[in-house]
Number of protein chains: 2
Amino acid sequence: MPETTRRTERLPGNRYGNRPTMKDVAARAGVGLKTVSRVVNGEPGVTPDTERRVQEAIDALGFRRNDSARVLRKGRTASIGLVLEDLADPFYGPLSRAVEEVARAHGALLINGSSAEDPEREQELALALCARRVDGLVVIPAGDDHRYLEPEIRAGVATVFVDRPAGRIDADVVLSDNYGGARGGVAHLIAHGHRRIGFIGDMPRIHTAAERLRGYRAAMEDAGIPVEERWMSLGATNPERVRRAAEEMLSGPDPVTAVFTGNNRVTVTVIRVLAEQSRRVALVGFDDIELADLLQPGVTVVAQDAAALGRTAAERLFRQLDGTLVAPERIELPTRLISRGSGELPPAD
Amino acid sequence: MPETTRRTERLPGNRYGNRPTMKDVAARAGVGLKTVSRVVNGEPGVTPDTERRVQEAIDALGFRRNDSARVLRKGRTASIGLVLEDLADPFYGPLSRAVEEVARAHGALLINGSSAEDPEREQELALALCARRVDGLVVIPAGDDHRYLEPEIRAGVATVFVDRPAGRIDADVVLSDNYGGARGGVAHLIAHGHRRIGFIGDMPRIHTAAERLRGYRAAMEDAGIPVEERWMSLGATNPERVRRAAEEMLSGPDPVTAVFTGNNRVTVTVIRVLAEQSRRVALVGFDDIELADLLQPGVTVVAQDAAALGRTAAERLFRQLDGTLVAPERIELPTRLISRGSGELPPAD
DNA sequence: CCCGCATCTGACAACGTTGTCCAGGCTCTA
DNA sequence: TAGAGCCTGGACAACGTTGTCAGATGCGGG
């Protein structure tokens, strides 16, 4: 039978539940306040004997340094903030984790929040993080105007935008090559004989969505294919809308023979729709998807490296904090086309 | 001697980049410090005219309240910590998001960290969060001894463990019914005629892995099937090991005709292995997987509700903080068997 | 024995905010 | 018009930590 402890009655005091402070430790150890501070921070200039006494008092009282007070005094919080769209999205999980790892390597903690693609919430979150005095901010923008961050940046909050560019301010940005990736993906479909190609993407106000659409148009233009309005559908990525959009362009007299999907969520829904079709329709999706290789046919995708995006952004953030960086820069990471079958299906008219 | 030691001048750089404080705002608006505080916090007792003057000064200076100082004064940080295994794991993303939503509803921010399944790192993280004086802590344990949290809990840090129970301390726990879920999943395979059933799971020191194995054993025993040692494989869930384990139990004179996989990562790898087999092997996996319904055959799973786990835990955390709760409790959420085909394949000997 | 020097230690003042408390000035009533 | 009571505004002391600086202590050398 394992020994367990019982939760003792909690004191109602709002003072951190009456936690011991350095003062308490000092009193118990019979030393000065500053000496405790020195021991806690491993500063030199303390006799081994004194140090032992202090350490004993710390253990006996269950003391833990209050970093809030420390932060107040030192001016650095050793924490950075990440504002993203949705932590539950398989694209942002790895990105967040990558940022966390870099932060950890720099001894910083990561505070993150989901904007749920709501510009107002993004701002609210980012500013709340600034109020906590995070040293830096990694933002995946939901809105397109980030002037609200100007005072913060001027005040010294390192800031890097990822996945989408900042709006109306000059700041570091780390992006995937959305335009090029989409263009390549669509060109791939064209190369396999398709001419009527659909595009289903996220809301046009989202930069990545717009860029990918631009890539689609460019590829079509490169091939001299006039794009028809009904082949393109931009909007919310909930399954219902995407399904409707897909079914629409797959029906009628001249249905599309291939579809390019603008992100992972769209791709998943479209795969479901295509599975119900009698005809084989080619598909290339932006963003890689787990198990994409095991479907019949395998799903051809334009993959971006979410972890690399996060890592690059975070590293840049810390370089800003080091003072190594001066001028804002725009970094674009390449995408990679992964052929698995669905993108190589011939047109079936 | 003319030479004197010069004291280094105080560098202004470490003071949040010289941000304006309430004092600065007060000076500019020509009011007292506390009046600014009142305006910032929307407290009553300020003339509209004064309020306007203060607000103008705030905007002009780009003032933002320093929450670190606020926290120090008030004793509550309005933030909670989440220690989980890996944010990049599709199981923990939704869980984390659910915790965040509850926190948000209570006006709190979420700080999270990945333990990478390392008990030491878990402890380090949890204590770092306590040093930041988070109001509460949601922990997905990596280790099996959490006595290190005793002083913190006693000091008033609300604590809830999720997904796996706490080790050697008495605390709130929210779990899935791992035992029952696995038992049901394996029973499902048995009901479809299987007798030689393999089990591939995570490291046995992980509670969920052990419980699921226990469920497997129970189901086998219920059916009067003696379990052979070579049918069971527990260990790291990296693809290499899992693949080896699967291939081993699928070869030899009396290969298994069905496999029960202990979590999402294992399931994904085993799907790959099974796809390469000439025989059809039945499969039931613990944890649902995206696109599981679109594979051939669809993957039958025992699904747990990650979001519900997170939500339940977070709600309980805030009830602790409200003072509504007293005694630690163990909550178990049901799992759900989702038949999609792979679990209904007959044995192919 | 005392001085100089190095090493340790502790008193004290920040850091930026909020809670307490009191001083004026105002309105309202008797 | 005086007194009571309300509103508004500000002085001041925390909160728990760290940086500064000066005082204490010990040691060796003159």
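Order of the sequence lines sets the chain letters (A, B, ...), proteins ahead of strands, with each chain counted from 1.
C:dT17 atom C1' lies 14 Å from atom CZ of A:Arg132, rounded to whole Å. Distance NZ (A:Lys23) to P (C:dC12): 12 Å, rounded to an integer number of Å. Rounded to whole Å, atom C1' of D:dC15 lies 15 Å from atom CG of A:Asp67. For B:Met22 and D:dA14, the CE to P distance is 20 Å, given to the nearest whole Å. Summarising the geometry, the separation between CG on A:Leu72 and P on C:dA13 is reported as 17 Å, rounded to the nearest angstrom. Between A:Asp24 atom CG and D:dG16 atom P the separation is 8 Å, expressed in whole Å. Rounded to a whole Å, the CZ atom of B:Arg70 is 11 Å from the P atom of C:dT17.
Closest contact between the side chain of A:Thr21 and the listed nucleotides D:dG16, D:dG9, C:dG10 involves D:dG16. With C:dG19, D:dT17, D:dG19 as the choices, the nucleotide that has an atom nearest any side-chain atom of B:Lys34 turns out to be C:dG19. The B:Val31 side chain lies nearest to D:dG10 when the options are C:dT17, D:dG10, D:dG16. For B:Leu33, whose side chain is taken as the heavy atoms from C-beta onward, the closest listed nucleotide among C:dT17, D:dG16, D:dG9 is C:dT17.
Within the structure, a side-chain polar atom (N or O) of B:Lys74 is placed less than 4.0 Å from OP1 or OP2 of C:dG19.
Pairs engaging residues 119-132 of chain B under the salt bridge (charged side-chain N to carboxylate O under 4.0 Å, His left out) rule: A:Asp67-B:Arg132, A:Glu101-B:Arg121, A:Arg104-B:Glu124 [sequence neighbours left out]. Residue pairs meeting the salt bridge (charged side-chain N to carboxylate O under 4.0 Å, His left out) criterion with at least one member in residues 47-56 of chain A, sequence neighbours excluded: A:Asp49-A:Arg52, A:Asp49-A:Arg53, A:Arg52-A:Glu56.
Although no hydrogens or angles enter the test, the distance criterion places a donor-acceptor pair under 3.5 Å between the side chain of B:Asp135 and the main chain of B:Ala78. Side-chain atoms of B:Arg64 do not come within 3.5 Å of backbone N or O of A:Ala131 as any donor-acceptor pair. Listed for the A:Asp172 side chain is a donor-acceptor partner under 3.5 Å among the backbone atoms of A:Glu329. B:Asp89 contributes no side-chain N or O that, together with a main-chain N or O of B:Asp86, makes up a donor-acceptor pair within less than 3.5 Å. Put simply, the side chain of B:Thr159 gets close to the backbone of B:Val157: a donor and an acceptor are under 3.5 Å apart. Under the 3.5 Å distance criterion, the side-chain polar atoms of A:Ser68 are left unmatched by any main-chain donor or acceptor of B:Leu72.
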What does the list of N/O pairs under 3.5 Å between the protein and nucleotides 24-26 of chain C look like, with a distance for each?
none

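A salt bridge links B:Arg19 with A:Glu152: at least one charged nitrogen is closer than 4.0 Å to a carboxylate oxygen.
A:Phe161 and A:His146 have perpendicular rings, their planes meeting at more than 60° on a 0 to 90° scale where under 30° would count as parallel.
Contacts between residues 47-64 of chain B and DNA chain C, defined by a heavy-atom separation below 4.0 Å, involve B:Phe63, listed by number. Remark: A:Ser37, A:Asn41, A:Glu43 in residues 36-43 of chain A come within less than 4.0 Å of DNA chain D through at least one heavy atom.
Counted by atom type alone, A:Glu85 and A:Ser115 present zero donor-acceptor pairs between their side chains at under 3.5 Å.
With sequence neighbours left out, B:Asp59 forms a side-chain contact (heavy atoms from CB on, under 4.5 Å) with B:Gln55.
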